[in-house]
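Count residues from 1 along the sequence.
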Amino acid sequence: MSIGLTFTGKIDSPRALLEGAQALARERDYALRAGEGGLKVVMCPLGGELGLQWRPEGDPAGPWLVRGGCRSTPAGAGLHRAAVELLDLLPIQALTVEDETDFYRLRDFQRMREEHFYPWLKTLVDVCRQESGKGGSGMQLCWDLEQYAPEDISDTVITPMGRFRLAELVRMVEEGGIEALAGRFFLWNGRTWDARFYRNRAINALWERCFFSSSRRSEEDAVINASILDDLERAARMDPSLPLPRSSYEEVCALADRDPTLPPGPELAEEFLPGYRKGLVVHKVGALRLTLPGSCLCGWEPWENGGGAHLWTDGSGPVWRVSAYRVREGDAGFTDNLNALHGVETLRLNGGALRWGWREIQEEGQRLYQVECEVITGPSLFFLTVTCGGPGDLGPVAELIGKVSVVRSRAREETIHT
């Protein structure tokens with residue numbers, strides 16, 4: 001269940017299309033990603049991109065066939081309008097657009113919102129109404145399932161724009177109408193990049209992307225922190241009456257070593273303060289589910305002889321590494337590699353098992369403590385190592401090892417992915 005558009009057409013050449021897209025991206029402050037067979041113009045977060053692919057119609061000299069589309073939910077009606085206007089300006093001939101909202105033909109923005117985007121959102125609210133009060137957990141609306149999963153809290157719903165109580169979403173609509181919720185739930189509900197757009201883009205970054213770590217820790221932290229502050233300050237300049245997450249703004253200012261400059265104004269009052277990554281989050285590596293502090297940066301550590309390991313670290317605490325293997329026949333079993341470790345334990349999992357222990361190691365003349373863990377599920381074997389600076393880290397690491405789980409088959413997830 002989603003709202004969007006698709007299109008087909010012809011272009012003189014990929015180079016001509018790319019040059020036109022680059023000019024429009026610069027003019028409108030969009031991001032552009034291009035490859036050998038297509039490009040994407042990124043207009044906002046939450047999947048806010050127009051994708052295009054091309055192939056020769058026959059003669060490589062041209063013309064070329066082009067096709068593409070844009071999924072406008074959950075970003076909002078503003079994205080849909082921007083995608084249509086982008087198509088108007090790209091050098092595409094014989095353009096045919098399939099737009100379920102009919103905005104491409106009618107260009108009636110208010111009608112599009114009221115007849116398509118608001119009913120779409122009302123459907124989600126109806127689902128929340130049905131689930132409210134049942135004590136359920138793990139419900140997600142429009143959440144990207146390829147990334148981490150935030151911590152569960154019963155009777156709440158996880159969205160890219162924040163955590164809400166199910167009853168709260170229902171109450172917002174009953175008291176203020178669907179438009180009141182739309183202005184908070186959709187990142188881009190207006191026609192243009194207005195004050196609410198910048199406020200909501202910052203809210204999304206606070207909830208979904210921000211590590212709440214010092215900008216000095218990494219370039220990623222610095223970029224995220226700065227973008228949040230820039231967006232909130234711009235929103236305040238454009239509309240001083242707009243409620244903003246001011247306490248979070250001051251918190252990020254401290255992380256970025258930046259003096260607060262927001263003028264006095266209303267606070268965005270909500271039950272849950274922004275930041276999924278302030279708590280524990282669950283990462284997926286194949287069938288493995290690994291629970292770690294949300295502050296950990298994720299990366300890939302290549303090995304000299306090929307392959308590599310997934311890596312997580314917050315820059316000061318334990319360093320987690322995970323490598324995955326698969327047996328050719330039958331189910332995987334534990335190896336003998338952990339037999340010499342201290343305190344070896346075996347734990348049964350729903351769909352597998354794990355075995356772990358620890359040992360002292362010397363690294364660059366420094367005594368460290370390393371936890372080693374094997375997880376088996378079906379034909380898969382996962383090898384985890386956790387390098388700790390001192391024995392005091394072993395207890396917290398053991399608690400997180402105890403949260404490891406596996407998924408042998410496609411588990412049912414209480415998720416509405418729209």
When the ring centroid of Trp207 is compared with that of Phe272, is the distance short of 6.0 Å? no
Straight-line distance of Cys128 SG to Met139 CE, nearest 0.5 Å: 4.5 Å
Please determine whether side chain to side chain donor-acceptor pair (under 3.5 Å) holds for the pair Thr192 and Asp194, giving the CA-CA distance in whole Å, both sets of side-chain angles, and the decisive distance to 0.1 Å. CA-CA 5 Å; Thr192 61; Asp194 55 11; 5.1 Å; no
Is the shortest heavy-atom distance from the side chain of Arg113 to the side chain of Phe186 under 4.5 Å? no
Inter-residue atom distance Arg184.CZ - Phe164.CZ, 0.5 Å rounding: 4.0 Å
Between Arg355 and Asn337, is any side-chain donor less than 3.5 angstrom from a side-chain acceptor? no
For residues 24-46, which residue pairs qualify under side chain to side chain donor-acceptor pair (under 3.5 Å), counting only residues two or more places apart or in two chains? Lys40-Glu49
May I have the step-by-step check of side chain to side chain donor-acceptor pair (under 3.5 Å) for Tyr249 and Glu233, ending in yes or no? CA-CA 9 Å; Tyr249 168 81; Glu233 290 166 3; 2.7 Å; yes
Regarding Asp102 and His116, is there a side-chain donor-to-acceptor distance under 3.5 Å anywhere? no
Distance-only donor-acceptor check, side chains Asp239 and Ser241, under 3.5 Å: yes
Considering only heavy atoms from C-beta outward, does the side chain of Phe7 approach that of Leu50 to under 4.5 Å? yes
Has Arg107 got its NZ or CZ under 6.0 Å from the middle of the six-membered ring of Tyr104, at an angle within 45 degrees of the ring axis? yes
Which of these, Phe117, Phe197, Phe109, sits in a ring-ring contact (aromatic ring centres under 6.0 Å, His included) with Trp188? Phe197
So which atom in Arg246 and which in Pro264 form the shortest heavy-atom distance, rounded to 0.1 Å? NH2-C, 3.9 Å
Value for CZ (Phe211) from CG (Asp314), rounded to nearest 0.5 Å, stands at 11.0 Å
So Glu399 and Lys403, side-chain contact (heavy atoms from CB on, under 4.5 Å) or not? Walk me through it. CA-CA 7 Å; Glu399 291 184 15; Lys403 296 179 181 294; 5.5 Å; no
Do Thr377 and Phe382 have side-chain heavy atoms sitting under 4.5 Å apart? yes
Treating Tyr148 as the side-chain partner and Glu208 as the backbone partner, does any N or O pair qualify as donor plus acceptor under 3.5 Å? yes
Rounded to the nearest 0.5 Å, what's the gap from CG on Leu338 to CD on Glu345? Could you check? 12.0 Å
